[in-house]
*Asks:* 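Take this structure first; my questions come after.
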Amino acid sequence: MTRPANAARTAANTVANAANTVPNTNRSNPSRTDPRIGKTGTLTTDTNLRESPDPESTWLGTHYRGARIRISDVTSVTNSEGGTSVWFRIEITSFGTSVDPNNYGKDKDDYSQDTGWVNSFPYVYEGNRKYRTQLVKLD
């Protein structure tokens, strides 16, 4: 026979254990629930990593086309054209190879960090031509 005090304690423990199985999401940052977090993919071109989701933030290094990545965070920021840009915080899991002939055979810039922010769909300049390109191809 279960005593009423023990039954209440058991019920309280069951509720507490159920609460601990709920995924820990940061409610103050809605990006934590973005379905792209945790996804893997590949860099489509040579890519500069930044300290924060801002093209003017500190450069952390360059990784090259074909590098394998994992997305650890996603955020949208207002850009200079009045729209928004989606930035990924990525972790490099394996290296690629540079598309620049001056860096032939390199797998990353010397002293590059392997975690940083990239604009997921930035403008790229080729001579006088400006166009957008997808930097990360998700698996």
Side-chain angles (χ1 to χ4, degrees):
M1 176 172 156
T2 305
R3 293 183 182 161
N6 287 342
R9 189 177 310 119
T10 301
N13 286 342
T14 301
V15 170
N17 288 338
N20 288 336
T21 63
V22 175
N24 184 12
T25 57
N26 182 346
R27 298 292 179 209
S28 65
N29 183 354
S31 74
R32 295 276 181 226
T33 61
D34 190 292
R36 294 169 288 196
I37 293 175
K39 298 275 186 187
T40 59
T42 307
L43 294 180
T44 62
T45 191
D46 296 356
T47 305
N48 291 325
L49 271 60
R50 299 288 176 182
E51 184 176 53
S52 63
D54 177 353
E56 302 300 319
S57 71
T58 303
W59 173 78
L60 300 176
T62 303
H63 282 272
Y64 299 126
R65 180 179 63 190
R68 299 287 301 158
I69 62 99
R70 188 178 75 77
I71 297 174
S72 60
D73 201 358
V74 178
T75 192
S76 294
V77 295
T78 304
N79 61 30
S80 61
E81 297 174 346
T84 58
S85 297
V86 175
W87 285 69
F88 296 149
R89 181 166 174 79
I90 63 170
E91 300 167 12
I92 305 296
T93 59
S94 69
F95 302 126
T97 305
S98 180
V99 297
D100 182 347
N102 295 325
N103 295 328
Y104 181 77
K106 289 182 80 172
D107 59 4
K108 70 175 187 173
D109 278 355
D110 298 334
Y111 310 110
S112 287
Q113 293 185 23
D114 294 339
T115 301
W117 288 91
V118 296
N119 186 335
S120 66
F121 202 64
Y123 281 109
V124 175
Y125 296 89
E126 203 172 84
N128 292 333
R129 188 171 164 240
K130 174 182 169 182
Y131 62 94
R132 292 180 77 85
T133 189
Q134 179 181 5
L135 283 186
V136 175
K137 180 181 179 215
L138 297 176
D139 294 337

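All heavy atoms count here, side chains included; hydrogens, waters and symmetry mates do not. Owing to the predicted nature of the structure, the values given are computational and were not obtained by experimental measurement. Note that the numbering runs from 1 along the sequence shown for the chain.
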*Asks:* Linking Ile, Leu, Val, Met, Phe, Trp and Tyr through side-chain heavy atoms less than 4.5 Å apart, which residues share a cluster with W117?
*Replies:* V77, W87
*Asks:* State which residues pass salt bridge (charged side-chain N to carboxylate O under 4.0 Å, His left out) with R68; sequence neighbours excluded, sorted by chain then number.
*Replies:* D139
*Asks:* Ignoring hydrogens, what is the shortest heavy-atom contact between S112 and G61? Give both atom names and the distance.
*Replies:* OG-CA, 3.2 Å
*Asks:* Can you tell me which residue pairs pass the salt bridge (Lys or Arg N to Asp or Glu O under 4.0 Å) test with a partner in residues 96-107, sequence neighbours excluded?
*Replies:* K106-D109
*Asks:* Indicate the atoms forming the closest heavy-atom contact of D54 with E56, along with that distance.
*Replies:* OD1-N, 2.9 Å
*Asks:* At what distance, to the nearest 0.5 angstrom, does CG of L43 lie from CZ of R65?
*Replies:* 11.0 Å
*Asks:* Output all residues satisfying salt bridge (charged side-chain N to carboxylate O under 4.0 Å, His left out) with D114, sequence neighbours left out; order by chain, then residue number.
*Replies:* K108
*Asks:* What are the two closest non-hydrogen atoms of T62 and W59, and how far apart are they?
*Replies:* OG1-NE1, 3.3 Å
*Asks:* Taking the side chain as every heavy atom from C-beta outward, state whether S120 and L135 have any pair of such atoms under 4.5 Å apart.
*Replies:* no
*Asks:* Any donor and acceptor pair, going by atom type alone, linking the side chain of S98 with main-chain N or O of Y64 inside 3.5 Å?
*Replies:* no
*Asks:* Just to verify, what does K39 make a salt bridge (charged side-chain N to carboxylate O under 4.0 Å, His left out) with, not counting sequence neighbours?
*Replies:* none
*Asks:* Mind checking what makes salt bridge (charged side-chain N to carboxylate O under 4.0 Å, His left out) contact with D46, not counting sequence neighbours?
*Replies:* none
*Asks:* Say you draw a straight line from CZ of F121 to CG of N119; how long is it, rounded to the nearest 0.5 Å?
*Replies:* 9.5 Å
*Asks:* Going through the distances and angles, do I90 and I92 end up as a side-chain contact (heavy atoms from CB on, under 4.5 Å)?
*Replies:* CA-CA 6 Å; I90 63 170; I92 305 296; 3.9 Å; yes
*Asks:* Can you check whether Q134's main-chain N or O pairs, donor with acceptor, with T44's side chain at less than 3.5 Å?
*Replies:* yes
*Asks:* To the nearest 0.5 Å, how far apart are CD1 in I37 and CZ in F88?
*Replies:* 10.0 Å
*Asks:* With respect to R36, which candidate in L138, V136, D73 satisfies the side-chain contact (heavy atoms from CB on, under 4.5 Å) definition?
*Replies:* L138
*Asks:* Mind checking the CZ-CZ spacing from R89 to R50? Nearest 0.5 Å is all I need.
*Replies:* 14.5 Å
*Asks:* Do H63 side-chain atoms and T115 backbone N/O form a donor-acceptor pair below 3.5 Å?
*Replies:* no
*Asks:* Compare every heavy atom of E91 with every heavy atom of S72, then report the nearest pair and how far apart it is.
*Replies:* CB-OE2, 3.5 Å
*Asks:* After noting the C-alpha distance and the side-chain angles of I69 and T40, does the key distance pass the side-chain contact (heavy atoms from CB on, under 4.5 Å) rule?
*Replies:* CA-CA 6 Å; I69 62 99; T40 59; over 6 Å; no
